[in-house]
J.: 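The structure follows.
One is the number of the first residue; the rest follow in order along the sequence.
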Amino acid sequence: QAQPVESGGGSVQAGESLRLSCVVSGFTFTETCMAWFRQAPGKEREGVAAISTRYGATYRSDSVEGRFTVSQDKDKSTVYLQMNSLKPEDSAMYYCAVDSLRRPCGSSWSSFGRFDRWGQGTQVTVST
């Protein structure tokens with residue numbers, strides 16, 4: 001049974017970078033959609049980026065376009081989120097999500113309800 005575990009969060013200054021990792025135990029990366037979501041206090045959880053693991057197609061929200069990159073290492077069962085040029089508005093709890101039904105991402109990559117495996121989250125705080 002897939003179980004994502006995130007790491008790599010922390011506190012940084014605006015303009016700096018962080019790389020988040022999500023290790024998924026008990027799951028092979030043959031074909032599925034894996035996504036990063038974030039949730040700030042008082043706000044809804046929003047999709048940030050996703051990757052279809054079979055061919056590596058990636059998706060990003062407009063708010064992180066050009067700054068965040070999602071990638072995978074199938075041998076390590078790990079998905080990464082490289083976050084550059086961080087802004088205070090990027091501060092949130094970041095979650096890794098897995099679609100264990102093994103569907104590619106497609107246009108629903110940022111739909112909260114399609115993911116059934118979630119990590120515990122890792123906090124990212126960006127100060128000015």
J.: Measure the spacing between OG1 of T78 and CG of D73 and express it to the nearest 0.5 Å.
T.: 6.0 Å
J.: Show me the pairs that pass side chain to side chain donor-acceptor pair (under 3.5 Å) and involve residues 45-54, at least two apart or across chains.
T.: R38-E46, Q39-R45
J.: Are the side chains of F37 and S61 in contact, using a 4.5 Å heavy-atom criterion?
T.: no
J.: Give the minimum heavy-atom separation between R60 and V64, together with the two atoms involved.
T.: CB-CG2, 4.1 Å
J.: So which atom in V124 and which in V126 form the shortest heavy-atom distance, rounded to 0.1 Å?
T.: CG1-CG2, 4.1 Å
J.: If you measure only the distance, is there a donor-acceptor pair under 3.5 Å linking the side chains of R19 and T69?
T.: no
J.: Rounded to the nearest 0.5 Å, how far does CZ of F68 lie from CH2 of W36?
T.: 11.0 Å
J.: Going from CD on Q120 to OG on S7, what distance comes out if it is rounded to the nearest 0.5 angstrom?
T.: 8.5 Å
J.: Check whether any side-chain N or O of R117 sits under 3.5 Å from a backbone N or O of V98 as a donor-acceptor pair, and report yes or no.
T.: no
J.: Above 12 or not: heavy atoms from other molecules or residues under 6.0 Å from CD of Q1?
T.: no
J.: Taking V12 as the starting point, is it possible to reach L20 by hopping between hydrophobic residues whose side chains are less than 4.5 Å apart?
T.: yes
J.: Spell out, yes or no, whether V24 and L81 are grouped together once hydrophobic residues are joined by side-chain heavy atoms under 4.5 Å, including indirect joins.
T.: yes
J.: Specify the closest pair of heavy atoms between T122 and G9, including all atoms of both residues, with the distance to one decimal.
T.: OG1-N, 3.1 Å
J.: Cluster question for you: counting only ILVMFWY and a side-chain heavy-atom cut-off of under 4.5 Å, with indirect links fine, are F115 and V70 together?
T.: no
J.: List the atom of D90, the atom of S85, and the distance in Å for their closest heavy-atom pair.
T.: OD2-O, 4.4 Å
J.: Nearest heavy-atom pair of G8 and L18: which atoms, and what distance?
T.: O-CD2, 3.8 Å
J.: Would a distance-only check, ignoring hydrogens and angles, find a side-chain to backbone donor-acceptor pair under 3.5 Å from R114 to C33?
T.: no
J.: To the closest 0.5 Å, what do you measure between CZ (F29) and CD1 (I51)?
T.: 9.0 Å
J.: Roughly how far, to the nearest 0.5 Å, is NZ of K87 from OG1 of T128?
T.: 14.5 Å
J.: If hydrophobic clusters are built by linking Ile, Leu, Val, Met, Phe, Trp and Tyr wherever their side-chain heavy atoms come under 4.5 Å apart, do M34 and Y59 end up in the same one?
T.: no
J.: Does CD belonging to E44 count more than 12 external heavy atoms closer than 6.0 Å?
T.: no
J.: Distance check, rounded to the nearest 0.5 Å: T28 atom OG1 versus K74 atom NZ?
T.: 10.0 Å
J.: Are Y95 and F112 connected in the hydrophobic side-chain network, where two residues link if heavy atoms are under 4.5 Å apart?
T.: yes
J.: Would you name the heavy atoms of G56 and Q72 that are closest together and state the gap between them?
T.: CA-NE2, 3.9 Å
J.: Walk me through it: do R102 and E31 pass the test salt bridge (Lys or Arg N to Asp or Glu O under 4.0 Å)?
T.: CA-CA 5 Å; R102 298 192 174 279; E31 169 72 274; over 6 Å; no
